[in-house]
Amino acid sequence: MNSDFPEDFNVKSLLTETVNFARKTFDSDFSGHDFAHTFRVWRLAETIAQAEGADQLTVQLAALLHDVDDAKLVGGTVGQSTRAETFLREHSAPETLITEICRIISEVSFKGTDTKAPTTLEGKVVQDADRLDAIGAVGIGRAFAYGGSRKRAMYDPENPPKLGMNGEEYSKNQGSTVNHFYEKLLLLRDMMNTRTAREIADARHQFMEQFLDEFMAEWEGKR
Ligand code: ADP
Ligand code: NI
């Protein structure tokens, strides 16, 4: 263990309290940011960290806290991590760990063509885990749940997807949920940082392509 930790510091109890904090924060969310999302990102991040040799405590805490300051949830500026920082400080986490986790949180988001790869292995692992939960069967479900929560059309052939949006254009975009597949979800496989996540992404990506083929075939009500 890192020598910055106080002697009575209990890793297990910090993780348990972080799980409880995340559970409370996402209690009543219907935009795809429910606690089940955070739980899956945490599990996936642990698996990827194990395979890639990343630091487990940093990865798991960052995964559990990665969305507690999400602008869609709490307003405020994208990339700020006030709630996560306050929580960790109140639980006596060392400053070096707090800084590291806040950096990971600020680097995790998708921002169209302004997206950057995180600087540390731990950040890469958390970003991969978060992105894996946006694709595949659960990702499809989350996308339509999010679209519904914003009263967006499932599909609108009159308004095709906009490719190559920068961060600002991406965050203001109000297109259909099917557009979101072309604007983000189908791009994620090739943006995975780690080999472990890329393998999981391959299968999920194929499943989304199949889903879209079937969706288009059914759309006009002809069969
Ligand atoms: P994450 O929690 O993975 O960082 P976001 O905060 O960007 O992802 O979005 C949460 C969920 O909502 C994801 O599953 C994402 O695909 C979905 N989502 C975000 N924007 C849209 C959109 N414009 N249309 C449909 N789904 C969206
Ligand atoms: Ni997330």
Side-chain angles (χ1 to χ4, degrees), residues 18 22-23 25-26 29-45 48 59-81 83-84 101 104-118 123-156 159-163 165 167-189 191-193 197 200-201 204-205 207-208 211-212 215:
T18 312
R23 199 190 297 275
T25 306
F26 301 114
D29 182 87
F30 293 96
S31 71
H33 285 100
D34 51 3
F35 177 69
H37 163 64
T38 289
F39 182 84
R40 289 187 300 267
V41 173
W42 176 38
R43 303 302 349 140
L44 280 164
I48 302 167
V59 163
Q60 290 191 38
L61 289 174
L64 285 165
L65 296 170
H66 84 277
D67 268 340
V68 300
D69 288 290
D70 194 289
K72 287 193 223 57
L73 217 74
V74 295
T77 313
V78 178
Q80 267 182 354
S81 40
R83 284 193 196 187
I101 287 170
I104 294 177
I105 295 172
S106 74
E107 290 175 336
V108 84
S109 276
F110 180 86
K111 303 187 187 84
T113 54
D114 293 327
T115 307
K116 291 189 181 70
K124 291 181 168 109
V125 169
V126 175
Q127 187 181 68
D128 280 357
D130 190 32
R131 287 173 170 178
L132 282 174
D133 201 52
I135 63 177
V138 167
I140 294 170
R142 289 180 74 211
F144 285 100
Y146 181 89
S149 80
R150 296 291 160 113
K151 300 201 166 35
R152 307 229 175 112
M154 283 205 291
Y155 176 48
D156 177 7
N159 290 301
K162 301 185 188 95
L163 302 178
M165 286 185 282
E168 199 187 338
E169 290 161 340
Y170 174 78
S171 67
K172 287 190 180 143
N173 181 35
Q174 307 255 320
S176 73
T177 298
V178 164
N179 281 2
H180 186 65
F181 283 79
Y182 296 96
E183 291 162 352
K184 173 180 174 185
L185 306 184
L186 291 168
L187 310 178
L188 294 179
R189 175 185 61 177
M191 295 172 78
M192 292 294 156
N193 304 296
I200 306 173
R204 295 187 181 201
H205 185 94
F207 186 76
M208 287 195 298
F211 168 80
L212 287 168
F215 187 98

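Order of appearance sets the numbers: ligands from 1, and atoms from 1 within every ligand. Throughout, residue positions are numbered sequentially from 1 according to the sequence presented.
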Check: Glu183 side chain, Tyr170 main-chain N or O, donor-acceptor pair, under 3.5 Å: no

Sequence-distant partners of Ala62, side chain to side chain contact (heavy atoms under 4.5 Å, CB included), two or more places apart: Ile101, Ile104, Val126

Residue Ala143 vicinity, atoms of ligand 1 by number, heavy atom under 4.0 Å: 25 (C), 26 (N)

N or O contact, Arg152 vs ligand 1, cut-off under 3.5 Å: yes

Main-chain N/O of Met192 paired with Asp128 side-chain donor or acceptor, under 3.5 Å: no

Asp67 to ligand 1, any heavy atom closer than 4.0 Å: yes

Phe215 and Phe211 aromatic ring geometry - parallel, tilted or perpendicular at 30°/60° bounds: tilted

Proximity of Asn173 to ligand 1 by residue part, where a heavy atom lies under 4.0 Å: neither

Option set Tyr146, Phe181, Phe144, Tyr170, criterion heavy-atom distance to atom 12 (O) of ligand 1, minimum: Tyr146

Exam field: side chain Asp34 to backbone His37, donor-acceptor pair closer than 3.5 Å: yes

Any Arg150 heavy atom less than 4.0 Å to ligand 1: no

Tyr155, OH: over 12 other non-hydrogen atoms inside 6.0 angstrom: yes

Nearest heavy-atom neighbours spanning Ala22 and Leu64: CB-O, 3.7 Å

Nearest option to atom 16 (O) of ligand 1, as decided by whichever heavy atom of His180, Gln127, His66 sits closest: His180

Ala134: side chain to side chain contact (heavy atoms under 4.5 Å, CB included) partners, not counting sequence neighbours: Arg142, Leu185, Leu188

Location of contacts on Gln174 toward ligand 1, heavy atoms closer than 4.0 Å: neither

Side chain, backbone, both or neither: Leu185 near ligand 1, heavy atoms under 4.0 Å: side chain

Beyond-backbone contact of Lys162 with Asn179, side-chain heavy atoms, under 4.5 angstrom: no

Any donor-acceptor pair under 3.5 Å from Asn159 side chain to Ser176 backbone: no

Close approach, Arg131 and ligand 1, non-hydrogen under 4.0 angstrom: no

With sequence neighbours excluded, residues passing side-chain hydrogen bond (donor to acceptor under 3.5 Å, both in side chains) with Glu169: none

Under-2.8 Å neighbours of the Ni ion (ligand 2), protein N/O/S atoms only: 4

Heteroatom proximity flag, Lys184 to ligand 1, N/O under 3.5 Å: yes

Any N/O pair Arg142/ligand 1 closer than 3.5 Å: yes

Side-chain (Arg131) to main-chain (Met191) donor-acceptor, under 3.5 angstrom: yes

Nitrogen or oxygen atoms of His37 and ligand 1 under 3.5 Å apart: yes

